[in-house]
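Computation of the quantities below employed the complete heavy-atom set of this structure, encompassing side-chain atoms and omitting hydrogens, waters and symmetry-equivalent molecules. Fair warning: this is a prediction, and the values are worked out from it, not measured in the lab. Each chain gets a letter, A, B and so on, in the order its sequence line appears, and its residues count up from 1.
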Number of protein chains: 2
Amino acid sequence: MEPTGRREPTMREPTMRDVAALANVSTKTVSRVINGLPGAGTEVTDRVRAAARTLGYRPNLTASSLRRSDRRSATIGVLFEDLSNPFDAALLRAVEDRARHSGVLVLAGSNEDDHTLQRELLLSLSARRVDGVVVMAAGGHQDALQHERERGTPMVLVDRPPTFGGTDCVTTTNRESSRDAVARLAALGHRDIAFLGDRRTLWTSQERYTGYVEGLAQAGVALRGELVRTDLHGADLAETATAELFCLERPPTALFTAQNLVTVGAMRVLRARDLHRRVAVIGFDDFPLADMLDPGITVVRQDVPGIGRKAADLVLARIDGDTSPPVHAVVPAALVPRGSGEIVPLS
Amino acid sequence: MEPTGRREPTMREPTMRDVAALANVSTKTVSRVINGLPGAGTEVTDRVRAAARTLGYRPNLTASSLRRSDRRSATIGVLFEDLSNPFDAALLRAVEDRARHSGVLVLAGSNEDDHTLQRELLLSLSARRVDGVVVMAAGGHQDALQHERERGTPMVLVDRPPTFGGTDCVTTTNRESSRDAVARLAALGHRDIAFLGDRRTLWTSQERYTGYVEGLAQAGVALRGELVRTDLHGADLAETATAELFCLERPPTALFTAQNLVTVGAMRVLRARDLHRRVAVIGFDDFPLADMLDPGITVVRQDVPGIGRKAADLVLARIDGDTSPPVHAVVPAALVPRGSGEIVPLS
DNA sequence: AACTCCTACGTCAACGTTGACGTAACCAAG
DNA sequence: CTTGGTTACGTCAACGTTGACGTAGGAGTT
């Protein structure tokens, strides 16, 4: 039997003390050299650097941030709904990219739209003394978020506004872009435009629905309640709902699908019934290969990297002490015509 | 002008000392209560808990891990190529999920396939004293990885093996699945099967190419050099290469596309030339909506969550002191027939 | 020559926490 | 009543680092 194994039995991580001993200086001098602070002569600097290299010294940021006056960990937390969702992932990527350019690393977690889990993750981040957090809030109450915010942690919400005050957020033009998309369909002559939306608890779903209503009103088209289907969480539910729409006596001639999985579900039904060249579709949220389908899917595309960058900018500015009033940044979305949104009604 | 603003001017984070003072006990007793260690009476425990709650005390994990003997940060680092790539994101998600169940958080970073950046990220992780790392290695030399590994940091490589020894890795059945896919095409009667691959520097590309060669050999089909196109980094290059193949005197009747963007590029060309119903295609790596195209794309699907889970399992086990010999775990991929791979040659 | 000022160091304590160890009180057994 | 053991605490120092401050020596000024 081997002795129960620590990975490196005897070797300890070298510390400033070790470097100092080897270079025959005080630890404070090593600190100065490592941090590039003035007050170390060239000869001593070289000696310290050489010692650090031979020992393989690596600064310990946790000890450093414990002692430092600013108490920074150079780390921010990012909580998303599900990192395996490309939307969340692209957002994370943008945040991470922007953060890295400020020497800040990202602690990432998925809250799975569960506020209990979100609360736990928030505690974990808090225990690690992150300098700030970017959060795609889980549904349900935001008490944990509010509590954390009130402790003074810089916080930015993405894709939904806070239910409490004093906090920045970044969203896209959900309502306006939805209104424009619906108005566009109406302008082509459509009078029976269905709305297919995700869970109604989501702020974005509500906004997009409001935009739909406004778009119809703006075009002078009456809203038909039976053409509105919500709470379609996932492509399967969207399929069922779409199928039902085409069993109506007066089926829709156009669909406004307010989320990308909903769009995909709807398209499946249209293709199965060979309606995809006759029923117009505009979807909210772009998705890969939307241009490869037949017809290409016209979508409202969010500027995901832009949203992430903005969120990171905000939280980093707050960490740097920016105390200006809270901001609700709106990153505009753009309509990308690909064919499916340009289909005219049969008449 | 306001005074240049710290976020909370006067308030300090409460510490164990504050809690101890309020509860009229020593800090050590607070430590025992917070960590659920024995040696605290019920009455004292209640008093400490109450004090902690009123002060809003949060344990400081960085101070704790500095003092603790095991020196754990309960944090692992994850370096991927580009988190905005769904493959990387799904992998991150799986790792994160598994880690969370052990109370471990994930520090994420994208190395953008640049080993200088990878080196910097590794230093950042090291400075934060992560307990281990999961890495999708950037191309080029792996010196920085090896160095970090030799310091004793538990490490698992994903999607490619290490160029140095003593390190775990997790990959999929690149060679075997490629061989089977090509053999499958040959079994349908195809004799002119093209290979379209990503950058040759990638280990996965090499393996998949080897599988292609083996598949042909196994079926007794001669390899035609002009049907092999590699270094197709991105869909655009794949399009060009595919177009060239169909300018050959004897064009291929089937394509084996060894990466998902390559598959998409190839499909674009086939559709543009109306060959998509006549030329067979099997792609390596699944992608969203592959089933929605016409025909659906037959793919070799990697078990991405399985790979991530396995990688996390390995690194967490090493952190827990597992000193068994290094493992090269292979998570099997599966063929998903959807139509494009079942097309038979014309004559 | 005495003075200031600056540079290049060093010394010390503290950041928030916990391991090692000490101690007082109590109970049970001899 | 002592002895030994257990329980419930407390005391102290240390983890690796840096802020505050001290000091020795040299250069420049009067």
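- For C:dG10, one of the phosphate oxygens OP1 or OP2 lies less than 4.0 angstrom from a side-chain nitrogen or oxygen of A:T29.
- Of all nucleotides listed (C:dG16, C:dT18, C:dC9), C:dC9 comes nearest to the side chain of A:V44.
- To the nearest angstrom, P of C:dG22 lies 15 Å from NZ of B:K28.
- At a threshold of 4.0 angstrom between heavy atoms, the contacts of B:T15 are confined to the sugar-phosphate backbone, with no base atom among them.
- The distance between atom OH of B:Y57 and atom P of C:dG16, rounded to the nearest whole Å, is 10 Å.
- The separation between B:R71 atom CZ and D:dG16 atom C1' is 9 Å, rounded to whole Å.
- In this structure, B:R32 and B:A63 both approach DNA chain C, and ranking their closest nucleotides by distance from the 5' end singles out B:A63.
- Remark: A:R68 is in phosphate contact with D:dT18, judged by side-chain N or O atoms under 4.0 Å from OP1 or OP2.
- Residue contacts for A:S64: at a heavy-atom cut-off of 4.0 Å it reaches the sugar-phosphate backbone alone, with no base atom in range.
- The phosphate of D:dT18 has OP1 or OP2 within less than 4.0 Å of a side-chain N or O from A:N35.
- Atom-to-atom, CE of B:M16 to P of D:dA14 comes out at 20 Å; the value is rounded to the nearest Å.
- Residue A:D70 contributes atom CG, which lies 12 Å from atom C1' of D:dG19 at whole-angstrom precision.
- For the residue pair B:R129 and A:T62, no side-chain donor N or O sits within less than 3.5 Å of a side-chain acceptor on the partner.
- Counting non-hydrogen atoms under 4.0 angstrom, A:P59 reaches the backbone sugars and phosphates but no base.
- Mapping B:L66 and B:T42 onto DNA chain D by nearest heavy atom places B:T42 closer to the 5' end of the strand.
- Here A:R119 does not pair with A:E148 in a salt bridge; the nearest charged N to carboxylate O distance is not below 4.0 Å.
- Whole-Å rounding puts the B:N60 CG to C:dG16 C1' distance at 6 Å.
- Counting to the nearest Å, the P atom of C:dT11 and the CZ atom of A:R17 are 13 Å from each other.
- Contact annotation: A:S31 side-chain N/O to D:dT17 OP1/OP2 distance is not under 4.0 Å.
- Salt bridge status for A:D313 with A:R309: absent, with no side-chain N to carboxylate O gap under 4.0 Å.
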Working for side chain to side chain contact (heavy atoms under 4.5 Å, CB included), residues B:V25 and B:V19: CA-CA 8 Å; B:V25 294; B:V19 177; over 6 Å; no
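- The CG atom of B:L61 sits 15 Å away from the C1' atom of C:dC15 (whole-angstrom rounding).
- Between A:R12 and A:D18 there is a salt bridge, with a side-chain nitrogen of the basic residue lying less than 4.0 Å from a carboxylate oxygen of the acidic one.
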